[in-house]
Structure formats: structure tokens, C-alpha cells
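Here the structure is a predicted model, which is why all the values come from computation and not from measurement. We name chains A, B, ... by the order of the sequence lines, and we start the count at 1 in each one.
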Number of protein chains: 2
Amino acid sequence: MIILSKLADYGVIIATHLAENPDRQVTAVALAAETRLPQATVAKVLKALSHGGVVIAARGASGGYKLARRAQAISVAEVVSAIDGAIGVTECTVHTPSCERTDFCPTRPHWQRINRAVGAALQSVTLADMVMPAFSFPHASETAAERIAP
Amino acid sequence: MIILSKLADYGVIIATHLAENPDRQVTAVALAAETRLPQATVAKVLKALSHGGVVIAARGASGGYKLARRAQAISVAEVVSAIDGAIGVTECTVHTPSCERTDFCPTRPHWQRINRAVGAALQSVTLADMVMPAFSFPHASETAAERIAP
DNA sequence: CTCAATTCGGACCGGGTTAGTACCGATTAG
DNA sequence: CTAATCGGTACTAACCCGGTCCGAATTGAG
């Protein structure tokens with residue numbers, strides 16, 4: 001299973017690309033060309049990012065997008081939730097628990113615990129981190145580490 | 001956005017229910033009744049769990065399901081990946097990186113790092129934990145689960 | 001020993017969400 | 001004024017989820 005939606009994935013790619021050249025105003029079509037992603041989709045993602053306050057849009061001729069803040073101040077979690085909404089592990093963790101099980105179901109606290117872990121993971125990585133090549137994570141068994149269970 | 005699919009969520013509910021009465025052989029319809037989940041879906045989930053080695057199925061009259069191992073030995077990650085397949089944050093983290101970006105894209109190691117964190121969170125919770133009401137879970141493992149993998 | 005009842009196992013199908021596209025209006029620089 | 005660019009909405013296509021159906025295996029009765 002894939003956790004992030006494709007759009008959210010694109011969002012991070014695009015935001016990261018913006019983080020590489022800060023202060024530069026880039027148009028949607030240019031971003032699409034530079035990231036090799038479909039133009040229309042890039043435009044759509046940028047709209048969402050703008051809406052979420054991750055990027056700032058300049059309209060009109062010679063308009064374009066750039067990051068709303070410094071790259072270090074923007075976490076991956078922010079980018080993702082700008083596109084896909086709040087992050088939650090299960091149904092109960094995101095909206096109000098209207099399910100009848102809520103009261104007597106003992107699993108909820110555990111879900112919330114897992115949820116916090118995921119959120120922390122996404123929040124701890126900023127766009128500035130994403131740009132840096134990350135030698136600092138030495139791992140021999142890359143594929144094994146990537147899979148949760150065989 | 002919701003991370004777990006509904007089926008995976010059901011899977012955990014069902015597996016947890018099985019963990020509550022170990023050694024008891026329960027049929028799919030009984031499980032559906034006891035968990036208040038739709039019968040057909042429960043059956044489907046159980047098939048996947050059986051395939052993934054989480055539960056053991058007995059066919060024929062007086063057949064049914066039971067956990068393949070003790071509840072402490074089965075992690076939530078196992079249940080989830082039995083249903084939804086390997087867990088990965090993005091496309092690249094699960095299948096072979098066929099995208100052209102793979103080689104030059106610096107974000108991959110960071111994704112893997114996030115991925116490991118999520119995996120650790122899911123693996124750190126067993127079915128036995130899920131059954132226990134969570135007032136008393138050890139803080140040590142909690143912080144460990146929440147910390148991002150180095 | 002045979003048959004029927006019961007249960008799991010695998011293939012198939014429809015509905016709904018998501019990805020992706022296209023259009024038109026709004027805004028701004030030159 | 002014109003060209004370029006973002007913003008919003010509507011639309012189509014694809015995929016995945018959830019559910020249903022029928023066949024395979026096993027048990028227990030006659």
C-alpha cells in the first residue's frame with residue numbers, strides 16, 4: 001500500500017524543486033517542464049499549495065510561484081496536508097468518532113499513538129532537508145528497511 | 001487523508017477480536033456478527049489474512065479461523081501489509097524505482113527515513129497491545145515509536 | 001462408504017473516489 | 001489594449017474498494 005497519494009507526492013517534488021531555487025519566480029509550465037510532470041496536474045497541485053499557504057502565487061504576466069517561507073520552515077507534513085487534508089491513520093483518527101464502537105473499543109488510543117508517530121515523521125523533515133543529499137542515513141539493507149513486513 | 005484503507009482497518013479490528021479469544025475457532029460469519037461488520041467483507045479480509053499467514057484457516061464443517069501465532073507475536077504492521085501489501089510512503093519506496101528521476105533525485109533517502117519511522121510505529125504495536133486498554137502503556141516504547149528513525 | 005451440509009478459496013462486477021484534462025474568467029506587466 | 005499567467009469550475013477516464021457469486025475442501029450423519 002502507498003501512504004501518500006500521487007498528487008501529494010507531486011506536491012513534495014514541486015515544493016522541493018522550488019526550494020532549490022528560492023527567490024526565483026517560476027511559472028507553472030516551467031515547473032512542469034523542469035520536473036517532467038504533466039503540466040495540467042502541476043498547475044492543479046500548485047493551486048492547492050497556494051491555498052494551503054505553502055507557496056505564494058503572483059498573477060498576471062510575469063507571474064509565477066515561489067515558496068511562502070524559507071525552506072527550513074516548511075515541513076513535508078505541511079505540503080502533504082495542503083493537498084490531501086489532515087493526516088490520520090484510520091477513520092476514527094481524523095473525524096469525530098461517530099462510530100458506535102468508539103466508547104468501548106480499546107484500540108483507539110493505540111491508533112492515536114501510531115498516528116502521532118507518523119505525523120512526527122512527516123513533520124521532522126523540512127523542504128531544506130529534502131534538497132540536501134542525505135548521506136547521514138547509512139543503511140545497508142535498504143530494501144529490507146523500506147518494507148515493513150515480508 | 002486517511003493512511004489505512006478501510007479493509008486494512010477492518011483487518012486490525014478482526015485480528016484484534018481474534019486475539020481476545022485465542023484458541024477459539026471462529027467462523028467468518030460469527031466474526032462478522034461479533035464485530036458488526038459486513039459479512040462478505042469480513043470473509044474477504046480473512047482470506048487475505050490467511051494468505052499472509054496472520055490467521056490459520058480450517059476448512060470444512062466446523063471450520064473457522066484463529067490466529068496463527070500468539071497475539072504478542074503479531075504486529076499491526078503485519079496485519080496491514082497482509083491486506084494492503086508492502087507499506088511505503090511514495091511510489092518509489094515500494095517498487096523498483098523505474099522513474100527516471102531515481103538517480104539524481106536527492107529526496108529518496110529522506111522518504112526512506114520517513115518510511116522507516118512509519119514502519120517502526122506500526123511494528124511496535126502488537127495485537128496483544130491492541131487488546132489492552134492503553135492507560136498503562138510503557139512510555140519508553142511510546143517515545144521510541146514516535147521518534148524518527150535515525 | 002456415500003452423501004449432504006458447512007465452511008473456506010478464488011474469480012468476477014458494479015460503484016465511487018481519485019487522477020488528469022480542459023475551459024473560461026480574473027489579474028497584471030508592458 | 002494585449003499578452004501572459006493564475007484561479008476556479010466542470011468534465012472525463014482510470015483505478016481501487018467493497019460486495020457477490022460459484023467452486024473446492026472437509027466433516028459428520030445415515
Which of Leu18(B), Leu31(B), Thr35(B) passes side-chain contact (heavy atoms from CB on, under 4.5 Å) with Ile13(B)? It is Thr35(B)
Taking only nitrogen or oxygen atoms into account, show me every contact under 3.5 Å that the protein makes with nucleotides 10-14 of chain C, one pair per line with its distance.
| from | atom 1 | to | atom 2 | distance (Å) |
| --- | --- | --- | --- | --- |
| dG10(C) | N7 | Lys47(B) | NZ | 3.2 |
| dG10(C) | O6 | Lys47(B) | NZ | 2.6 |

Looking at Ser5(A), does any N or O in its side chain come under 4.0 Å of the phosphate oxygens OP1/OP2 on dA19(C)? yes
*With respect to the phosphate group of dT21(C), does any side-chain polar atom (N or O) of Thr41(A) fall under 4.0 Å of OP1 or OP2?*
yes
Looking only at heavy atoms, the pair that brings Ala71(A) and Ala19(A) closest together is CB-CB, 3.9 Å
Would you call Glu34(B)-Arg24(B) a salt bridge at under 4.0 Å N-O?
yes
Atom CD of Gln39(B) and atom P of dT7(C) are separated, to the nearest Å, by 10 Å
Over all strands shown, is Tyr10(B) touching base, sugar-phosphate only, or nothing at heavy-atom distances under 4.0 angstrom? nothing
* Using a heavy-atom cut-off of under 4.0 Å over every strand shown, decide if Ala57(A) touches base, sugar-phosphate, or nothing. => sugar-phosphate
Each nucleotide N or O in nucleotides 2-4 of chain C that has a protein N or O under 3.5 Å away: list the pair and distance.
none

Scanning both residues in full, the closest heavy-atom pair of Ala8(A) with Val80(A) reads CB-CG1, 4.3 Å
With Val54(B) as partner, the option from Val79(B), Ile83(B), Leu46(B) fulfilling side-chain contact (heavy atoms from CB on, under 4.5 Å) is Val79(B)
For the pair Tyr10(A) and Lys44(A), evaluate side-chain contact (heavy atoms from CB on, under 4.5 Å) and give the outcome as yes or no after the intermediate values. CA-CA 10 Å; Tyr10(A) 292 168; Lys44(A) 187 179 193 174; over 6 Å; no
Taken to the nearest whole Å, CD1/Ile83(B) to C1'/dC17(D) is 13 Å
Should Ile74(A) and Val131(A) be regarded as members of a common hydrophobic cluster, given that ILVMFWY residues are connected when their side-chain heavy atoms come within less than 4.5 Å of each other, either directly or indirectly?
no
Mind checking Ala28(B) for me? I need base, sugar-phosphate or nothing, with any heavy atom below 4.0 Å counting as a touch. sugar-phosphate
Rounded to whole Å, the NZ-P distance (Lys6(B) to dT18(C)) equals 12 Å
Rounded to whole Å, CG of Leu7(A) lies from P of dG20(C) at a distance of 6 Å
task = Run the numbers on Met130(B) and Val12(B) for side-chain contact (heavy atoms from CB on, under 4.5 Å), then give the verdict.
result = CA-CA 9 Å; Met130(B) 286 303 240; Val12(B) 178; 3.7 Å; yes
Whole-Å distance, Ile56(B) CD1 to dT7(C) P, equals 19 Å
Rounded to whole Å, CD1 of Ile3(B) lies from P of dC16(D) at a distance of 19 Å
In this structure, CZ of Arg69(A) is separated from CG of Leu127(A) (nearest 0.5 Å) by 9.5 Å
When rounded to whole Å, the CG to C1' distance for the pair Asp84(B) and dC17(D) reads 10 Å
Closest heavy-atom pair, Ser50(B) versus Ala57(B), reported as atoms and distance to 0.1 Å, is OG-CB, 4.1 Å
So CG of Leu122(B) and OG of Ser81(B): to nearest 0.5 Å the spacing works out to 8.5 Å
I'd like to know whether Val76(B) forms a side-chain contact (heavy atoms from CB on, under 4.5 Å) with Trp111(A), so could you lay out the CA-CA distance, the side-chain angles of the two residues, the decisive distance to 0.1 Å, and finally the verdict. CA-CA 10 Å; Val76(B) 171; Trp111(A) 280 131; 3.9 Å; yes
What pairs of nitrogen or oxygen atoms, one from the protein and one from nucleotides 27-30 of chain C, lie under 3.5 Å apart?
| from | atom 1 | to | atom 2 | distance (Å) |
| --- | --- | --- | --- | --- |
| dT28(C) | O2 | Ala61(A) | N | 3.2 |

Gln25(B) CD to dT6(C) P, in whole Å, measures 17 Å
